[in-house]
Amino acid sequence: MTRPASKGAWFDPIFEGLCFGAATLLLVALAGVVVSLTIGGWPALSHFGLSFFTSTTWNPVTEVYGAAGPIVGTLVTSALALLIALPVALGVSIFLVEFCPKQLSRPIAVAVELLAGIPSIVYGMWGLFVLAPFFAEHIQLPLMMNAPAGSIWETLFYGVPNGANIFTASLILAIMILPYMAAVFRELFLTVPPQVRESAYGIGCTPLEVITSVVLPYVRGGAIGVVMLGLGRALGETMAVTFIIGNAHGLPKSLFDSGSTLASTIANEFTEATGEMHTAALTALGLVLFVITFGVLAIARLLLLRQRYD
Amino acid sequence: MFKTIAVALGAAVLAGGAVQAADLSGAGATFPAPVYAKWAETYKAQTGVGLNYQAIGSGGGIKQITAKTVDFGASDKPLKPEQLNQAGLYQFPTVIGGVVPIMNVPGIQPGQIRLTGELLGDIYLGKVAKWNDARIVNLNKGVKLPNLPITVVHRSDGSGTSFLFTSYLAMKNPEWQSKVGASDSVQWPTGLGGKGNDGVSAFVKQTVGSIGYVEYAYAKQNRETYALVQNKAGQFPAPTAADFAAAAAGADWTKAPGNYLLLLDQPGAKSWPITGATFILVYKEQSNAAAGQGVLKFFDWAYKNGDAAAGALDYVPLPAQVKTLIRKQWAANIKSGGKPVYVSK
């Protein structure tokens, strides 16, 4: 016996077609980005070869370009941002799910979402005019002046004491990715079935034990996804970083040295780039950023897949 | 009833279409964008012809005019005569601006410190690293200079301001010329980069012992602590509109093929040494005579009526003799089918 045909069934193929079209469009756009970045950046990549990735020279006058500085700057700031944001994001979401009184949970969740909605230029301005001077006066200078001479700390804390450096850029990035990560972590923790959590409490587990032995292992795969999402956003963030990283093209020599990222270099120089090689080098930076971001997402997918088979 | 509405709509569409067709389009430099916008507003009120100017940066402006998507391009950096000839372009200046060194040293007032171009170059090379360096002290007898490291601040974004500043350093300091060179973004030997004039100014204000450079209008409006720079005549003029105009008047535009002139280190006791004009790029051979005529008409109008608006926004208008010269060049250079598209009356 077959089900009687629904009145709306005639629309199904069209609906399917529209969905297929949307998915295809996305793929075509993605492919278009890769192709145009490759074509645009090819003159620089073919001219400089491997040295484009290993050289720290970025000289628009002599048209010699090497992206090692921005590549390292991007990776270091993103990793640092993640290192700072991850524990805080976990703390926020665990508090919201496990400890927070019902009346407070909603306002905090909304505040976290509001934080996610602040445009990055606002973070940049705040970083430049508020965070940087405060950081320079109350953290960087005391650290620099109290570092024992000749120790690793002296090298690590060396820099111009005005708060525009790799570390403050990472701090801003951490604040920017924090709300995303906290919000998704919260959703993840809510997916843990109440029975599982309650039975853990029932056999006498402390809240810490419930979190570390039951909740976190349960959402491990998803949690890796959240981390990668945060990392992906940190890698590509442009405006806020441009304001506060100090914009020096070389390799950063310390935590408080100025540096640059792939995205900030493009933002800084693209509008006024007149030379063909300059434009090509900047486009190649875009391609490198795309590849790095794509790599991060691919690793995330891989980890999630493995998790599913466990 | 319907008919009236239809007629009214039709008339509106026609009128709109006519205005649209005559509207001018331009793209490029961000530095003169405020004054172009002000001129365009008044011009539209008087003539009905609008201007759509996209401030996308000089590099973008050059790309857009080369792709012929706009009626004119705008650049803070003049193109070299051979670049102009290759593309079939002609350039002319509109307003003047300049670069002013700013600093943050405790106890130092605006205009109290005197520097030379060569010394400024050595500071930006990192060779002169303390404020009480003998070379700075010798130029500033009677000023108490602290034993403070100099922090160099430069623009992080490519800009006409950096182009002018590095061109000046390259001109006055041979080591800068050979090691760094001049461009709208260079490989800075030392220091940190702020985005835009406000970024540089913020870093200078926040860093004791720093030196930076900003565009004149920005320095004036924000009352920055500026330093004086020695000019060709050996004098130390103040960064005022009159001294930028003096540099433009002192320059010999007739001997600059393609109007490639940077106004750096010009003769004259009052000439501010780091001065430059911003430029408009148009095709010598106009395929659309009406559009070419519209552009020149607009800038001729601005030459005649725009000085007050420019001055109010802290741009320096071109001296009268330069305007006269440019008007003559228009008639001789910009043609359509062998005939000049516009002759100024």
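Letters go in sequence order (proteins before strands), and every chain restarts at 1. Model, not experiment: these values are computed from the prediction.
For B:V180, the part lying near chain A is the backbone, with the side chain staying farther off; criterion is any non-hydrogen pair under 4.5 Å. Contacts between B:S185 and chain A at a heavy-atom distance below 4.5 Å involve backbone atoms as well as side-chain atoms. Proximity to chain A (any heavy atom under 4.5 Å) is restricted, for B:A182, to the backbone atoms N, CA, C and O. No part of B:S210 comes within reach of chain A, as not one of its non-hydrogen atoms sits under 4.5 angstrom from that chain. If you measure heavy-atom distances from A:T62 to chain B, you find no contacts under 4.5 Å at all. Within the 4.5 angstrom heavy-atom criterion, no atom of B:K205 approaches chain A. Heavy atoms of B:I56 lying under 4.5 Å from chain A belong exclusively to its backbone.
Heavy-atom pairs under 4.5 Å with chain B were tallied for A:T57, A:T279, A:D257; the largest tally goes to A:T57. Heavy-atom pairs under 4.5 Å with chain A peak, among B:G181, B:S183, B:S156, B:A29, at B:S156. No other option in B:V186, B:V208, B:D157, B:V153 has as many heavy-atom pairs under 4.5 Å with chain A as B:D157. Highest contact tally toward chain B, considering only A:E269, A:M125, A:H249, A:H278, is held by A:E269 [criterion: heavy-atom pairs under 4.5 Å].
Taking non-hydrogen atoms and a 4.5 Å limit, the residue list of residues 132-143 of chain A in contact with chain B, ordered by number, reads A:A132, A:P133.
Side chains of B:Y168 and B:V99 form no contact here, defined as non-hydrogen atoms less than 4.5 Å apart. Under the 4.5 Å side-chain criterion, counting only non-hydrogen atoms from C-beta, B:L262 is in contact with B:P78.
The environment of NZ in B:K130 is crowded: more than 12 heavy-atom neighbours from other residues, nucleotides or ligands sit within 6.0 Å. Counting heavy-atom neighbours within 6.0 Å of A:L114 CG, excluding the residue itself, gives a total above 12.
No donor-acceptor distance shorter than 3.5 angstrom exists from the side chain of B:S201 to the backbone of B:N197, with no hydrogens or angles considered. When atom types are taken as modelled, the side chain of A:W58 and the backbone of A:V64 share no donor-acceptor pair closer than 3.5 angstrom.
Seen from the ring of A:Y158, A:K253 does not count as a face-on cation partner, given the 6.0 Å and 45° thresholds.
Pairs engaging residues 54-66 of chain B under the side chain to side chain donor-acceptor pair (under 3.5 Å) rule: A:E272-B:S58, B:Q64-B:T69 [sequence neighbours left out].
Atom CG of residue A:L45 and atom OG1 of residue A:T38 lie 8.0 Å apart, to the nearest 0.5 angstrom.
In this pair, B:F165 and B:Y124 present their aromatic rings perpendicular. The plane angle is above 60°, beyond the 30 to 60° band.
None of B:Y36, B:Y216, B:F31 except one satisfies the ring-ring contact (aromatic ring centres under 6.0 Å, His included) rule with B:Y315; the exception is B:F31.
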